[in-house]
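For clarity, every value in this text was computed on a predicted model and none was experimentally measured.
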Amino acid sequence: TDVKVPGMLVASIERCPVFGGKVKSFDASRALKQPGVKQVVEVPSGVAVVATDTWSAFSGRDFLKVEWDLGPAANLDSAAIRAQFEERLKGPGKAVRAEGDAAKGLEGAAKKLEATYEAPFLAHATMEPMVAVADVKADRCTIWAPSQGPGWSMAGITAITGLKPEQVEVNVPLLGGGFGRRAMGDFMLDAVACSKAVGAPVKVQWTRPDDMRHDGYRPATLHHLEGGLDASGKAVAWRHRFAGPSIAQANKFPWPPEAAETSGAADLAYAIPNLEVQWAQADTPVPLWFWRAVAASFNPFATECFLDELAQAAGKDPLAFRLELMHAGPTKVGHDTVDPKR
């Protein structure tokens, strides 16, 4: 936000209120009459109001009229997403961990318990809203962006500018908070597209509402857990089934769909003899990205809450209940060894 370049203009972009929507048409006549507004241009992410300063760009945007093609997600809402997750949990998911026989362990348990937990989509809400400056010339592109992955956006930058990677320079100032959000390249590409369109250095400044409405979100998930206790109150069976979208799938990463979704669930650090964990893929149009701790921010919410419920059902202190399950020592999970005593 503090970067200033000679001849720099400031842009604010009006974006479609529905994920996946596109510009159908726009009327910039009133926006162009506002003080300080220089141009209004269509860019891949929406319609940019370009002005001499931030306030003029924000004010001019208020007078912009855009007609949107809302796309297939126009009627999507939280209830529909929840119903989709519930439907996925009715069928089998992908087994990400299986030890013993969870079904048999639950059947033979002296006491059984089940619970459902829901975790929402979450925005990163970084301290400083997204911002970047770009200066695109015929033979060079210079960018100032608080990016956590400046090289990740190179393909997009070269596609917009037609330049080679060696003709692009990215300067990285202080981040203003990241949490994974600033590894996305969208805000950098905004600045590059605006600068190329107007032929001058441009700072694209997001507002806080822009930041909350157009993030790459932490996946929402729906969890169903079942647990069994023996006569002494020790956990002898555990089944955890959860549904949600795939970060890898949403971003076309060459990874297994569950690669970023199962930590904190598949690597449960408690020695329960009959244990089953399944993940059911349920993709939505909502953009996804890595959020601080990724899956370990939502899966342990469900697993640790359920452990508390099991401890209460067993009539035991929650800490003592956990320590009892840790006495078995390290557990092998895939290629990794989880040592609960560390």
Heavy-atom check, side chain of D190 versus side chain of W206, under 4.5 Å:
yes
Can you give me the closest heavy-atom contact between R61 and V49, atom names plus distance?
CA-CG2, 3.7 Å
Look only at the side chain of R241 and the backbone of L89, and say whether a donor-acceptor pair between them is shorter than 3.5 Å.
yes
Using modelled atom types and a 3.5 Å cut-off, is there a donor and acceptor pairing between side-chain atoms of H214 and backbone atoms of S45?
no
For the residue pair D62 and S59, confirm or rule out a side-chain donor-acceptor distance under 3.5 Å.
no
Any donor-acceptor N/O pair, D215 side chain to H124 backbone, under 3.5 Å:
yes
Check the angle between the aromatic planes of H223 and F298 and answer parallel, tilted or perpendicular using the 30° and 60° thresholds.
tilted
Do any N or O atoms from the side chain of N251 and from the backbone of L288 form a donor-acceptor pair under 3.5 angstrom?
yes
E276 bridged to R97 by N-O distance under 4.0 Å
no
Below 3.5 Å, can you tabulate the donor-acceptor pairs from side chains in residues 159-166 to any protein atom, sequence neighbours excluded?
residue: T161; atom: OG1; partner: I157; partner atom: O; Å: 2.9
residue: T161; atom: OG1; partner: L163; partner atom: N; Å: 3.2

Could you tell me if the side chain of Y270 sits less than 4.5 Å from the side chain of M326, heavy atoms only?
yes
Residues A102 and W238: closest non-hydrogen pair is CB-O, 3.8 Å
Thinking salt bridges, do K90 and E87 make one under a 4.0 Å N-O criterion?
yes
Side-chain heavy-atom pair Q205, F58 within 4.5 angstrom cut-off:
yes
4.5 Å side-chain heavy-atom contact, E226 and K112
no
Decide side-chain contact (heavy atoms from CB on, under 4.5 Å) for L275 and L268; before the verdict, give the C-alpha distance in whole Å, the side-chain angles of both, and the deciding distance to 0.1 Å.
CA-CA 10 Å; L275 188 148; L268 188 75; 3.8 Å; yes
Over all atoms of both residues, closest heavy-atom pair of G233 and A314
O-CB, 3.3 Å
Within one Ile-Leu-Val-Met-Phe-Trp-Tyr cluster: V294 and V286, side-chain cutoff 4.5 Å
yes
Closest approach of A145 to F187 (non-hydrogen atoms, all atoms of both residues):
CB-CE1, 4.1 Å
Would you say L113 and F306 make side-chain contact, with heavy atoms under 4.5 Å?
yes
Take atom NZ of K38 as the centre, draw a 6.0 Å sphere, and report whether it contains more than 12 heavy atoms from other residues, nucleotides or ligands.
no
Distance to the ring centre below 6.0 angstrom and angle to the axis at most 45 degrees; does that hold for R182 and W152?
no
Pair D2 + K203, salt bridge at N-O below 4.0 Å
no
So for atom CZ, which belongs to R140, do other residues, nucleotides or ligands contribute more than 12 heavy atoms lying within a distance under 6.0 Å?
yes
List the residues meeting side chain to side chain donor-acceptor pair (under 3.5 Å) with H224, not counting sequence neighbours, and say none if there are none.
E114, T116
Provide the closest heavy-atom pair for M8 versus V3 in the form atom of the first, atom of the second, distance.
CE-O, 3.7 Å
Where is the tightest heavy-atom contact between P287 and F19, given as atom of each residue plus distance?
CD-CD2, 3.4 Å
Got a sec: does the CG of N75 have more than 12 other heavy atoms crowding it under 6.0 Å?
no
One pair to check against salt bridge (charged side-chain N to carboxylate O under 4.0 Å, His left out): K234 and E324. What are the steps and the verdict?
CA-CA 8 Å; K234 186 173 182 178; E324 185 179 279; 5.4 Å; no
Heavy-atom distance under 4.5 Å between the side chains of I13 and V204, does that happen here?
yes
Electrostatic pair D210:R208 at N-O distance under 4.0 angstrom
no
Quick check: are there more than 12 heavy atoms from other residues, nucleotides or ligands sitting under 6.0 Å from CD of E107?
no
R15/D186 ion pair, N-O < 4.0 Å
no
E86, CD atom: more than 12 neighbouring heavy atoms under 6.0 Å
yes
What about L225 and F242, same hydrophobic cluster or not, with Ile/Leu/Val/Met/Phe/Trp/Tyr joined at side-chain heavy-atom distances under 4.5 Å?
yes
So if you build clusters from Ile, Leu, Val, Met, Phe, Trp, Tyr with side-chain heavy-atom gaps below 4.5 Å, do V40 and V43 land together?
no
